[in-house]
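Notes follow the structure.
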Amino acid sequence: MLDLKYVVEHLDEVADRLSTRGGRADLEPLKDLAARRRLAVTTRDQARADQKALSDGFRQPGVTPERREGLRAESKAIGERITVLEADVSDIEARLQDVLLNLPNLPHPTTPVGASADDNVEVRAWGTPRTLDFPAKEHWELGEALGILDFEAARKISGARFVVYRGAGARLERALASFMLDMHVARHGYTEILPPVLVNRDCMVGTGQLPKFVEEAYIATDDLYLIPTAEVPVTNLHREEILDGSRLPVKYVAYSPCFRREAGSHGKDVKGMTRVHQFQKVEMVKFTTPETSCDEHEALVRDAEDVLQALGLPYRVMSLCTGDIGFSASKCYDLEVHLPGQGGYREISSCSNFEDYQARRASIRYRPAPGEKPRFVHTINGSGVAIGRTIIAILENYQQADGSVLVPDALRPYMGGIEVIR
RNA sequence: GGAGAGAUGGCCGAGUGGUCGAAGGCGCCUGACUCGAAAUCAGGUGUGGGCAUAGCUCACCGGGGGUUCGAAUCCCUCUCUCUCCGCCA
């Protein structure tokens, strides 16, 4: 959520910056509502002050019954007026909130301006894409032939866009989760979290999934939502809190399943498990000061890159342009891994700096020093990394002519010594 | 699922209709004392909103609603926590 005061005071600048996301932001209604709110609040507060002053009369010694009756009548009249004025304020504030919650974050000045994914900028690349001396297979061919990915079974028990891992496939998933968590905890200094995957509405609003993207979410009964990423429960760990500034940055890493309806992506990535309704992911989340968020964001990207480097998976780092970054993000880097089977790069991690956008929605603040005023933290998060897509990358990068797949060295200790899946 | 108890500031904990944004304690900050520290003493110390912004003012005692001239306090309701019983991985 953007700061209303800032938006109103910098209307043109905000409109310009938001327009780089595509479409145009009409902020006039917001400005109008803000002005109406100011008037309504002032009027209401004055009425309340009047009534308060009146009520002192009841306590004065020697008030006559007639005087009391007069005060009562006068106060009652003001009370009725207050009721009306309060309703007015609530109505305006609800409408204001609705507009504000549906406004995306301001792109960071360093976010490249562009209209679509085609305008994303490659920042750096690591490794050399593998060239195979035999026809490269795609992950589903390899996985099904090896008996480690079962799409047919998944279709029967859940439907399209699900996958069942079997045997070494299931083991690979578990190995990757442990491998990534261990790396981020031991080498990168994150604290491991295992969050609920069912969260309340406030969490979803806090990180920006709701209200705008309700069609993307799986909604359970009791007003609970299946998380689309561990970012949601982990960021909300500190919702409505004031953190001790000396504790920052706070760094968490969590392994969780992620549930996405993928509404609006019909016909996209229908084969295999590139785009499924449930996948698992290791997610890193940081809470930082505004001064350090850019550096911490860069560091988090490096932390994600470490995973791919350790697994020997060639990738490139893309700085997403204004037309492609997520709703809540100010700046975002995607890590795209090279897939010989699909013959191109594919997103495997998305690392975003939300600045104070989520913090304002979720009211996550910190106190720089004892006695100082609280400020909003900056939140940063990124996949470290998506496990399903890592399995895709391993299958396609480590495939051999006979259809078997080598286990990357770094993973072997986690695979019970299995060196090749055949 | 059944029965009961409870939710107050960073923490503990008082407060059962107005003088309460809220006693007291702890913690924290500032000052005095001290070579320095501890102890002691004095003062200060919540969050957000509005405005004519060194100030004034309004709101907030788990959430929502009600009664009342007036609610932390009374009533209803929801949520959560705790205790006991039942069930259960």
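In what follows, chains carry the letters A, B, and so on, assigned in the order in which the sequence lines appear, proteins first and then strands, with residues in each chain numbered from 1.
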_Close side-chain approach of Q358(A) and N381(A), heavy atoms under 4.5 Å_ = yes
_For H188(A), all residues meeting ring-ring contact (aromatic ring centres under 6.0 Å, His included), sequence neighbours excluded_ = H184(A)
*Considering residues at least two apart in sequence or located in another chain, which fulfil the ring-ring contact (aromatic ring centres under 6.0 Å, His included) criterion with Y345(A)?*
H338(A)
Considering every strand and a 4.0 Å limit on heavy-atom distances, what is the contact class for [X]: base, sugar-phosphate, or nothing?
{"X": "T42(A)", "answer": "sugar-phosphate"}
{"X": "R68(A)", "answer": "base"}
{"X": "R67(A)", "answer": "nothing"}
{"X": "E74(A)", "answer": "nothing"}

*Proximity of Y225(A) and Y218(A) rings by center, below 6.0 Å*: no
*Does the ring center of H378(A) lie less than 6.0 Å from the ring center of F354(A)?*
no
Can you pull every protein N or O that's under 3.5 Å from an N or O on nucleotides 52-62 of chain B?
{"unit_1": "C58(B)", "atom_1": "O2'", "unit_2": "D45(A)", "atom_2": "OD1", "d": "2.9"}
{"unit_1": "C58(B)", "atom_1": "O2'", "unit_2": "R48(A)", "atom_2": "NE", "d": "3.2"}
{"unit_1": "C58(B)", "atom_1": "O2'", "unit_2": "R48(A)", "atom_2": "NH2", "d": "3.1"}
{"unit_1": "A59(B)", "atom_1": "OP2", "unit_2": "K52(A)", "atom_2": "NZ", "d": "2.9"}

*Do any side-chain nitrogens or oxygens of K373(A) fall under 4.0 Å of OP1 or OP2 in G46(B)?*
no
*When you check the phosphate oxygens OP1 and OP2 of G10(B), does a side-chain N or O of R367(A) lie under 4.0 Å from one of them?*
no
Which value, in whole Å, describes the distance between the [atom1] atoms of nucleotides [N] and [M]?
{"N": "C87(B)", "M": "G1(B)", "atom1": "C1'", "value": "8 Å"}
{"N": "G25(B)", "M": "G15(B)", "atom1": "C1'", "value": "15 Å"}
{"N": "C41(B)", "M": "U77(B)", "atom1": "P", "value": "50 Å"}
{"N": "U8(B)", "M": "C74(B)", "atom1": "P", "value": "15 Å"}
{"N": "G43(B)", "M": "U47(B)", "atom1": "C1'", "value": "23 Å"}

*Atom-pair distance (CD on E86(A); C1' on G65(B)), nearest Å*: 13 Å
*Over how many whole Å does the gap from D88(A) atom CG to G50(B) atom P extend?*
16 Å
*Is R346(A) salt-bridged to D269(A), cutoff N-O under 4.0 Å?*
yes
*Pairs satisfying salt bridge (charged side-chain N to carboxylate O under 4.0 Å, His left out), at least one member in residues 290-310 of chain A, at least two apart*: R124(A)-E305(A), R187(A)-D306(A), K286(A)-E296(A), E291(A)-R375(A)
_Selected nucleotide, minimal atom distance to F58(A) side chain, candidates G50(B), U47(B), G18(B)_ = G18(B)
*Which dot-bracket string describes RNA chain B (Watson-Crick N1-N3 plus N6-O4 or O6-N4, or G-U N1-O2 and O6-N3, all under 3.5 Å; [ ] crossing; | other strand)?*
((((((((.[[[..)..(.....]]]((((((.......))))))((((((...)))))).[[[[[..)....]]]]])))))))....
*asked:* Test of understanding: with side chain to side chain donor-acceptor pair (under 3.5 Å), list the residues that count as partners of N397(A), not counting sequence neighbours.
replied: R130(A)
*Closest-nucleotide 5' rank along RNA chain B - winner of R37(A) and A73(A)*: R37(A)
_Flag, side chain of Q399(A) to backbone of K137(A), donor-acceptor distance under 3.5 Å_ = yes
